[in-house]
Every structure is written in structure tokens, then in C-alpha cells.
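Comments concern the structure below.
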Amino acid sequence: MNDSASLTLSALRAAPVLPREFFNRDPVTIARELLGKLLIRRVGRKLLAGRVVEDEAYLGANDPAAHAYTGRTARNAVLFGPPGHAYVYFIYGNHYCFNVSCMPEGYGEGVLFRALEPVFGVEQMALARDLELPDSPHANQLRLISSGPGRLSEAFGITRMRDNAKDLTSAKSDLWLADDGFRPGRIVATPRIGVTKAAERPLRFAIAGNGFVSGRREG
DNA sequence: GAGGAGATCGTCT
DNA sequence: GACGATCTCCTCT
């Protein structure tokens with residue numbers, strides 16, 4: 001385990017927002033470099049934050065598993081837009097999944113956020129997930145907050161109506177990505193979860209040994 | 001702890 | 001009309 005400790009509010013506010021250029025690259029590089037970065041949500045005057053510990057790259061027209069593989073539609077239009085924007089979609093009648101667009105306009109590539117380690121506003125996130133945390137929550141209970149694409153979206157209140165197409169590189173946004181200087185140790189690459197096409201490609205990335213990675217524990 | 005199946009609805013064909 | 005980048009509950013071991 002190399003899970004990072006919770007953050008102070010001043011540390012959160014001091015973390016620089018990731019610039020547009022960060023996302024104007026190929027999603028494999030971005031997926032690797034997003035590990036350890038912070039997803040921050042402003043709710044009224046409060047902040048929620050989670051550290052990215054697991055994500056997946058989707059390679060647009062070169063990737064049969066990607067939503068953009070068959071071309072631009074009303075649903076996936078954000079992926080084909082400028083980099084650094086939120087692509088949120090609804091799946092299985094129950095869940096929202098949260099992605100960020102990558103590459104210049106027209107490519108349809110992106111990164112899916114699969115798991116976060118809660119580091120600020122944990123109680124509010126647990127409330128959003130309808131979880132009850134005891135006074136000294138065990139890691140297994142904290143893990144239920146945001147270890148999975150649907151779970152992290154619920155914890156952060158991310159929906160298609162509210163957040164699709166939102167600019168994640170703007171400090172004026174209520175949802176953005178930031179770098180507080182944390183650097184993960186070893187990164188593992190595995191096949192993506194839940195995909196049936198191009199299922200063998202190692203495009204899922206996670207911080208090795210981190211207890212907040214989704215699915216069965218590994219590393 | 002592991003495995004299976006149901007829930008539930010937007011999107012595309 | 002079929003399917004899906006998931007989660008949770010239930011059963012069995």
C-alpha cells in the first residue's frame with residue numbers, strides 16, 4: 001500500500017490546474033500521467049477531491065472498444081471536440097461514466113476514470129453514495145466510495161446533464177483536474193475491464209498496490 | 001470469498 | 001429491438 005494521506009484545504013487550493021496542453025496528446029500517455037493527479041469538485045463553498053489511481057485509454061477510430069470507433073454521434077460528440085473536456089455517458093440504466101477528451105479536435109480519443117482515492121470531503125462523498133462511515137472507517141469501507149466508474153461518478157455527483165462537455169482545465173469550472181506534486185510509484189498496465197472488443201490490449205493503468213483500485217485486489 | 005444474475009434506460013441500428 | 005467502458009445483492013462453498 002502506498003495510499004496517500006488526506007489533504008488539507010490549503011494544499012488543494014494551491015494545486016495548479018492541469019492545462020489544456022496536458023490533454024492535447026495521445027490518451028495512453030495521458031492515462032499514465034493522470035495517475036496521482038487530483039479530481040476536484042466544488043459544491044457550493046465546499047470542495048471534494050480524489051486522487052486518480054486507475055484509468056483506461058480509448059483510442060477512437062483505432063480502437064473497436066471505443067465509443068468513437070464508429071464515428072461521431074450526438075452522444076459522443078464531446079470526444080471529437082477540443083481536449084480537456086468531460087465526456088459523460090449513461091450506461092446499463094444505472095450508472096454514469098466520466099471521461100476526459102484527448103488529442104486535438106477530430107480524433108475522438110479519451111481517458112475513462114475508473115477509480116479515485118478519496119482525499120478531501122470524504123464524508124460528503126459517502127453521503128452521496130448512501131454509505132455510512134463509522135468514526136474510524138476501515139480502508140474497505142472507504143474503498144466503496146469511488147472504486148469503480150459508476151461509483152466515483154455518484155460520489156462526485158457527476159451526471160451527463162450537469163457535466164457533459166464541461167471544460168476541466170478552467171479554474172472557473174466546478175470540476176477540474178490538478179497536480180499537487182504527488183508522484184505514484186510503480187504503474188501497472190492490464191487489459192481493460194468490461195470490454196469485449198480489443199479486450200486483450202493493455203490499456204488500463206493503475207497505481208501498483210493502491211488499495212482503492214477497482215475490482216479484485218492485485219499487486 | 002467467489003460467482004451468477006437482475007436491475008434499468010439511453011443510444012444506435 | 002438489442003445491447004452496454006456497471007453495481008449490488010444473493011447464493012453457494
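Numbered from 1 within each chain, the chains take letters A, B, ... in sequence-line order. Remember, it's a predicted structure, so these values are computed and weren't measured experimentally. We use all heavy atoms of the structure for the numbers below, so side chains are in, but hydrogens, waters and symmetry mates are not.
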| Is the distance from OP1 or OP2 of dT8(C) to the nearest side-chain N or O of R129(A) less than 4.0 Å? |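 R129(A) to dT8(C) OP1/OP2: side-chain N or O found under 4.0 Å.
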
| request: Give a yes/no on whether any side-chain N or O of R114(A) is located under 4.0 angstrom from OP1 or OP2 of dT6(C). | output: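 So the side chain of R114(A) is within the cut-off, an N or O lying under 4.0 Å from OP1 or OP2 of dT6(C).
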
| message | Under 4.0 Å, counting only non-hydrogen atoms across every strand here, what does R75(A) touch: a base, just sugar-phosphate, or nothing? | response |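 The answer is sugar-phosphate, as R75(A) gets under 4.0 Å only of primed atoms, P, OP1 or OP2.
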
Using atom [atom1] of [X] as one end and atom [atom2] of [N] as the other, report the distance to the nearest whole Å.
| X | N | atom1 | atom2 | value |
| --- | --- | --- | --- | --- |
| L152(A) | dT6(C) | CG | C1' | 11 Å |
| I91(A) | dA5(C) | CD1 | C1' | 6 Å |
| I193(A) | dC7(C) | CD1 | P | 9 Å |
| L112(A) | dT6(C) | CG | P | 7 Å |
| Y96(A) | dT8(B) | OH | C1' | 12 Å |
| H95(A) | dT11(B) | NE2 | C1' | 17 Å |
| R72(A) | dT11(B) | CZ | P | 15 Å |
| I158(A) | dC7(C) | CD1 | P | 13 Å |

Quick test of your reading of the model: are [X] and [Y] salt-bridged, counting only N-O distances below 4.0 Å?
| X | Y | value |
| --- | --- | --- |
| R25(A) | E33(A) | yes |
| R13(A) | D180(A) | no |
| D55(A) | R192(A) | no |
| E117(A) | R51(A) | no |

| said: By nearest atom, which of the nucleotides dT13(B), dT11(B), dA5(C) is closest to the R160(A) side chain? | reply: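 So the nucleotide nearest the side chain must be dT11(B).
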
| Listed nucleotide nearest any side-chain atom of N94(A), set dC7(C), dA7(B), dT13(B) |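 Ranking dC7(C), dA7(B), dT13(B) by closest atom to the N94(A) side chain puts dA7(B) first.
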
| Taking the six-membered ring for Trp, are Y87(A) and H67(A) parallel (under 30°), tilted (30 to 60°) or perpendicular (over 60°)? |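 If you compare the ring of Y87(A) with that of H67(A), the planes turn out perpendicular.
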
| message | Strictly by Watson-Crick or wobble contacts shorter than 3.5 Å, is anything paired with dT8(B), and which nucleotide is it? | response |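 The base-pairing partner of dT8(B), which may sit in any strand shown, does not exist here.
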
| message | What I want to check is whether an N or O donor and acceptor connect the side chain of Y92(A) with the base of dA7(B) at under 3.5 Å. | response |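 For Y92(A), whose side chain was compared with the base of dA7(B), there is no donor-acceptor pair (under 3.5 Å).
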
| field | First encountered from the 5' end of DNA chain B, between A74(A) and G93(A) | value |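 With G93(A) and A74(A) compared, the 5'-side residue is G93(A).
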
| Where each residue is assigned the nucleotide of DNA chain C containing its nearest heavy atom, which of V195(A) and L131(A) is assigned the position nearer the 5′ end? |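 Mapping each residue to its closest nucleotide by heavy atoms, the 5'-most match is V195(A).
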
